[in-house]
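In what follows, a structure is listed as structure tokens, so that the remarks can point back to it.
Just so you know, these numbers use all the heavy atoms, side chains as well, and skip hydrogens, waters and symmetry mates. Note that this is a predicted model, so its numbers are computed, not measured. The sequence lines fix the lettering, A, B, ..., with proteins before strands; numbering per chain opens at 1.
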Amino acid sequence: MSASEQRERLAELAPEKVEELDAEEEEDDQILPDLPNVDEHDEVRMRMAPNPNGPWHLGSARMPSVIGTYKEMYDGWMLCRFDDTDPETKRPDLDAYDEILEAVDFLGFEPDEVIKASDRLDVYYDHARELIDLGGAYTCSCSGEAFSDMKNSGEACPHRDKDSETVHEEFEDMVAGEYESGEMVLRVKTDITHKNPALRDFVAFRMIDTPHPREEAAEYRCWPMLDFQSGIDDHLTGITHIIRGIDLQDSAKRQGFVYDYFGWEYPEVVHWGHVQIDAYDVPMSTSTIIEKIEAGDLTGWDDPRAPTIASLRRRGIRGEAIVDAMVELGTSSSNVDLAMSSIYANNRDMIDEETDRAFLVREDGPDVEGAVTMPVSGGPDAAEPPVHPNHEDRGRRHVPVDDAVMLEAGDVPEAGERVWLKGFGCVRREDGALVATGDDLDVVRAGDVPVVHWAPADGPRIRLRTMDGDVTGVAEPGVVEYDEDTMLQFERVGFARLDDLDSDPAVAYYAHP
RNA sequence: GCUCCGUUGGUGUAGUCCGGCCAAUCAUUUCGGCCUUUCGAGCCGAUGACCUGGGUUCAAAUCCCAGACGGAGCACCA
């Protein structure tokens, strides 16, 4: 009886038990901790705030995974806000906006709304003007270094007590672009003697000479800093819960000063630590990946060696497998290591039942010992292994033997010894050839004969792209008859996604064992 | 230097608020067994953790103090 049949049957016999079952399941399903004070809000409203300075690496998947899962948990609302307010040092990549939204879609989530900070400068300017009226901001022409020195010793800078009229004039000049980069900033007046130096009078707006890459925003020169922009937007978009990294731990306190000036209430905040992923040599940073691609060390964002969402996607790993692993990490504020094996286990679980089997003999590549072609005599002309060992109804593959087969070097039997060619039968090595013995399966059960995969010597050539580099080999003929994008399990090798069958050799991407 | 935060097996996580049901949960990994014409899956089993030292208590992973270790911020980056 299948699970759904069991359920139906139970519903007939004891409806109240089904409810119990549901309640239990619901409890089990909640893998994320409750958000704080959810009851105090009509709707849980959250935002993800990516910087579109490049496509996403794997760590970036945590944001939509966790926020999206909370959205589902609370039937909430999710905004995607591109925080693209630095046209210079974190210069936006015009393609990244869509690439990021595609990645979110791949992970199985959809934002309820998408906005770009660079469309909203006038909103930020208006709030700055209001803040100046409230006595909460001042224009400052100190050099960064000079201000830092004063700030660290708890001294106010001479510009702090300017009258608001002057501040307004100077701010309007900033907006008009009449200062050069570095000449003038607008600071939020917090508490210059606050015991935490990180909270003392922070910059809200600065001048940037480099035009924004988006045409719509190219004329602006006066740009808000993250703490100001993000704080204003969170309030205006009605965000109730902010979930972000520990690098922004002090932001809530900094922005709290602005909220106090405006009489706003700060959202609930959850901070999580950094996530590192094992199994990669390449550091998980957008800039490092860009460098590696430019240097030719990686073939692109979807190179199997790149720790990116695009890479896992090309390898045939489902977004859901990534999301589940990310959600399992929880929202702890300490740094965590995500094991790729966890993503692999999730994915295997999802695809194993529906993935057809095939043979691939690896001949050359990292950690590959080589392959050997050996003549075969006796036995049938072809082997007919099942398409899927658990599903006989899916039929059998047809793998011709053609007088010679290829074996991985490690599978070649010693002279006089036997191996079982999967789907074909038992053979013994005699004078450099493999001779069918006619033994039945009992010899395998007895543990005397290893079972190995093999391929016809003239089978299609395959290039398998892996995290460790490219592996070439020979497959059974049926492999190139599939559609591209199909997942296959190369027996004793691992799962792979067929990528390009028109090229020679045909290309597949290795997913995981 | 100043200020915050954290520390449960290899990895992640539950439990910590409100001390006892915790000789500590679940997942993954690793290893073994069964099954299986592979690997995987499935089933069974094993290994493996409360940062350290004090204190409070009948009782501490949980409360208190001190320390160690780790992380983050103190940017005209996000």
Side-chain angles (χ1 to χ4, degrees), chain A residues 28 31 33 49-53 83-86 88-92 117 140 142-145 147-148 151-154 179 181-187 194-200 202-208 222-223 225-227 229-230 244-251 253-254 271 273-278 286 324-330 332-346 348-349 351-353 355 357 359 383 385-386 389-390 411 420-426 440-445 449-454 489-495 512-513:
Chain A
D28 288 348
I31 356 117
N51 179 336
N53 63 336
D83 282 352
D84 54 350
T85 56
D86 180 0
E88 203 165 83
T89 51
K90 293 218 169 158
R91 189 172 173 76
C140 170
C142 292
S143 72
E145 203 180 328
F147 185 86
S148 177
K151 181 206 65 182
N152 285 336
S153 51
Y179 296 103
S181 167
E183 275 189 320
M184 187 69 82
V185 298
L186 184 77
R187 289 184 186 282
H194 196 285
K195 64 174 181 169
N196 184 348
L199 308 187
R200 299 173 189 165
F202 61 91
V203 173
F205 287 84
R206 83 295 208 189
M207 304 302 299
I208 294 180
C222 174
W223 286 89
M225 299 288 290
L226 174 81
D227 275 324
Q229 172 264 124
S230 163
R244 63 184 167 205
I246 45 170
D247 46 330
L248 267 18
Q249 268 176 134
D250 291 328
S251 279
K253 287 174 191 156
R254 266 199 288 259
H271 289 113
H274 297 289
V275 59
Q276 303 176 58
I277 301 191
D278 68 355
T286 304
D324 288 352
M326 288 294 172
V327 165
E328 278 161 22
L329 293 181
S332 146
S333 67
S334 44
N335 294 346
V336 296
D337 289 332
L338 172 62
M340 277 306 287
S341 59
S342 164
I343 293 178
Y344 296 157
N346 291 341
R348 191 158 49 225
D349 214 32
I351 67 171
D352 183 49
E353 277 298 304
T355 303
R357 271 50 176 170
F359 293 149
N390 299 357
D411 289 336
W420 187 285
L421 300 182
K422 164 133 179 61
F424 177 81
C426 188
D440 68 19
L441 200 53
D442 290 337
V443 298
V444 172
R445 295 206 172 97
V449 177
V451 178
V452 302
H453 63 288
W454 54 279
Q489 190 205 53
F490 290 123
E491 304 189 35
R492 299 178 71 218
V493 175
F495 290 85
H512 49 73

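Looking at Arg492(A), its side chain never comes within 3.5 Å of a backbone N or O of Phe490(A) through a donor-acceptor pair. Not one N or O on the side chain of Asp324(A) forms a donor-acceptor pair closer than 3.5 Å with the backbone of Ile343(A). Asn152(A) contributes a side-chain N or O that, together with a main-chain N or O of Ser148(A), makes up a donor-acceptor pair within less than 3.5 Å.
Base engagement by Asn390(A) is indicated by at least one non-hydrogen atom pair under 4.0 Å involving a base atom. Within 4.0 Å (heavy atoms only), Gln489(A) reaches at least one base atom of the nucleic acid. Contacts of Gly423(A) with the nucleic acid, taken as non-hydrogen atoms under 4.0 Å apart, include base atoms.
When the P atom of C39(B) is taken as reference, atom CG of Asp411(A) falls 11 Å away, rounded to whole Å. Spacing between atom CZ of Phe424(A) and atom P of U37(B) amounts to 19 Å, rounded to whole angstrom units. One atom, CG of Asp337(A), and another, P of G9(B), lie 12 Å apart when rounded to the nearest Å. Atom CG in Asp324(A) sits about 16 Å away from atom P in U13(B), given to the nearest Å. Atom P of nucleotide U38(B) and atom NE2 of His453(A) are separated by 14 Å, given to the nearest angstrom. Rounding to whole angstrom units, CD of residue Gln276(A) and P of G6(B) are separated by 19 Å. Rounded to an integer number of Å, the gap from CZ of Arg200(A) to P of C4(B) is 12 Å.
With pairs defined as Watson-Crick or G-U wobble and both atom distances under 3.5 Å, the stems of at least three pairs that touch RNA chain B come out as B:1-7 with B:68-74, B:10-12 with B:26-28, B:30-34 with B:42-46, B:51-55 with B:63-67.
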Per-nucleotide protein contact string for nucleotides 44-52 of chain B, where B marks a base within reach and S marks sugar-phosphate only (heavy atoms under 4.0 Å, - for neither): ---------

Per-nucleotide protein contact string for nucleotides 68-78 of chain B (B base, S sugar-phosphate only, - none; heavy atom under 4.0 Å): ---BSBBSBBB

Residues Leu338(A), Glu328(A); criterion side chain to side chain contact (heavy atoms under 4.5 Å, CB included); working and verdict: CA-CA 9 Å; Leu338(A) 172 62; Glu328(A) 278 161 22; over 6 Å; no

Verdict with reasoning, Cys140(A) to Val185(A), per side chain to side chain contact (heavy atoms under 4.5 Å, CB included): CA-CA 5 Å; Cys140(A) 170; Val185(A) 298; 4.0 Å; yes

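For the side-chain hydrogen bond (donor to acceptor under 3.5 Å, both in side chains) test, residues two or more places apart in sequence or in another chain that qualify with Ser334(A) are Ser332(A). For Lys90(A), the side chain to side chain contact (heavy atoms under 4.5 Å, CB included) partners two or more places apart in sequence, or in a different chain, are Asn51(A), Asn53(A), Asp86(A).
With contacts defined as side-chain heavy-atom distances shorter than 4.5 Å, the pair Asp337(A)/Ile277(A) does not qualify.
Ring pair His512(A)/Phe495(A) is tilted by interplanar angle, where 30° to 60° counts as tilted.
Rounded to the nearest Å, the gap between the C1' atom of A72(B) and that of C77(B) is 15 Å.
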Polar atoms only, N or O, under 3.5 Å: list the protein pairs with nucleotides 26-33 of chain B and their distances.
residue	atom	partner	partner atom	Å
U28(B)	O2'	Ser341(A)	OG	3.3
U29(B)	OP1	Arg348(A)	NH2	3.4

